[in-house]
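Have a look at the structure below, then the notes.
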There are 2 protein chains.
Amino acid sequence: MTGSGGGQTIDSMVTTDLLEHELLRGGHRITEPRRRLLSSIQAMGDHFTAEGLAAASPGVGRATVFRTLKLLQEVEAVCQVVLDDGTLQYRLTPNNAGHHHHIVCSRCGAVNDFASCDIQGLLAELARRTGYDIETHRLEVYGRCSECREELGRA
Amino acid sequence: MTGSGGGQTIDSMVTTDLLEHELLRGGHRITEPRRRLLSSIQAMGDHFTAEGLAAASPGVGRATVFRTLKLLQEVEAVCQVVLDDGTLQYRLTPNNAGHHHHIVCSRCGAVNDFASCDIQGLLAELARRTGYDIETHRLEVYGRCSECREELGRA
DNA sequence: TTCTATGCAAATGGTTTGCAGTCTA
DNA sequence: TAGACTGCAAACCATTTGCATAGAA
């Protein structure tokens, strides 16, 4: 269950391997606690909190959780998701995708990504109007995922 | 200096009055500490931090700063700005504008608003593709304001 | 063996809460 | 006067840091 072979889907195996690979590429070591964290991360699916990750990885110190999380961010293996209420969640970066955004379910917390950045036009005009040299942007979309909509509809 | 008459511009006076008005409309009282905070807020211009507001309002307790800040947010008189690094800033809501976004200078921290939400098309397609019922979104743009660009260019 | 990574616990930064006293409407 | 508001200090929560130890290369 915690190993990297088990009954996992090919996707999750690849994901874990990718994570380890990213760490190695960044010049970091693959240690037991890190392996456990990576495993927990992919077991938790599309989104997780630092707190949840710590809870799902007993025996791993809190500091290590945060240190590893920061490492994974540097290596761009995971990214932060800003929730509606300002809370932070984390998410596996999809296939090392570079720039992308999140659409978050405000009920169940599910996170999906989208890369289509049709705001380039908007940004260009914004740059023209404000005189800014635009570097980046942060776009998070909030709503109800289809599952939650169904559940609510039934209730 | 702390009063509402002083050498202030008409704009800032109006702003302060608007703030007081919003508080009243929300069923809240206008007290001395609050008056001081409102005054500090408009004196600080387009953006400020809780910390800065507290510093600019000596004699007003930290708790009151945060309580008032929360109040002003509820009344939609000020809004939060998420900085590049995840830090929070606050900003006067421009003319009670409803939905709007921020463009933040990553060097000097200046904040400007823009309301042009040309992402409706993007959001619509996103809704279609993901099955989400989209409620809101958060868009923050980061870059260098024209002044900072000039300064850097000169250096 | 060397140097990175870990765990613990204490420190931190930012924000919130409890409470008795103060002030506004 | 009644109840909202305040200041203080303590409580909180999430994250970070110091340090001695354990582990990977």
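Just so it is clear: chains get the letters A, B, ... in the order the sequence lines come, proteins before strands, and each one is counted from 1.
In this structure, the CD atom of B:Glu74 is 15 Å from the C1' atom of D:dC5, given to the nearest Å. Taking atom CG of residue A:Asp85 and atom P of nucleotide C:dT15, one finds them 14 Å apart after rounding to whole Å. Atom-to-atom, CZ of A:Arg34 to C1' of D:dA22 comes out at 14 Å; the value is rounded to the nearest Å. The CG-C1' distance, from B:Leu72 to C:dT15, rounds to 16 Å in whole Å.
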For residues 59-68 of chain B, tabulate all N or O donor-acceptor pairs below 3.5 Å that involve a side-chain atom, not counting sequence neighbours.
| unit_1 | atom_1 | unit_2 | atom_2 | d |
| --- | --- | --- | --- | --- |
| B:Arg62 | NH2 | B:Glu51 | OE1 | 2.6 |
| B:Arg62 | NH2 | B:Glu51 | OE2 | 3.4 |
| B:Thr68 | OG1 | B:Thr64 | O | 2.7 |

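Judged as a side chain to side chain contact (heavy atoms under 4.5 Å, CB included), and not counting sequence neighbours, the contacts of B:Glu150 are B:Arg154. With sequence neighbours excluded, the residues forming a side chain to side chain contact (heavy atoms under 4.5 Å, CB included) with B:Gln80 are B:Gln73, B:Leu88, B:Tyr90, listed by chain and number. By the salt bridge (Lys or Arg N to Asp or Glu O under 4.0 Å) test, B:Arg128 pairs with no residue at all, sequence neighbours left out. For A:Ser40, the side-chain hydrogen bond (donor to acceptor under 3.5 Å, both in side chains) partners two or more places apart in sequence, or in a different chain, are A:Ser57. Shown here are the salt bridge (Lys or Arg N to Asp or Glu O under 4.0 Å) partners of B:Arg34, two or more places apart in sequence or in another chain: there are none. With sequence neighbours excluded, no residue forms a side chain to side chain contact (heavy atoms under 4.5 Å, CB included) with A:Ser146.
Salt bridge A:Glu125/A:Arg129: present, at least one basic N to carboxylate O contact under 4.0 Å.
Counting only residues at least two apart or on different chains, the salt bridge (Lys or Arg N to Asp or Glu O under 4.0 Å) pairs with a member in residues 135-147 of chain A are A:Glu135-B:Arg144, A:Arg144-B:Glu135. Residue pairs meeting the salt bridge (Lys or Arg N to Asp or Glu O under 4.0 Å) criterion with at least one partner in residues 104-115 of chain B, sequence neighbours excluded, are B:Arg91-B:Asp113, B:Arg107-B:Glu151.
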Give each protein N/O atom lying under 3.5 Å from an N/O atom of nucleotides 22-25 of chain C, with the pair distance.
| unit_1 | atom_1 | unit_2 | atom_2 | d |
| --- | --- | --- | --- | --- |
| C:dT24 | O2 | B:Arg29 | NH1 | 3.0 |

Under 3.5 Å, which protein N or O atoms sit close to an N or O of nucleotides 9-19 of chain D? Give each pair with its distance.
none

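Overall bending of the helix from C:dT1-D:dA25 to C:dA25-D:dT1, expressed as the angle between end axes built from five pairs apiece, is 30° (10° steps).
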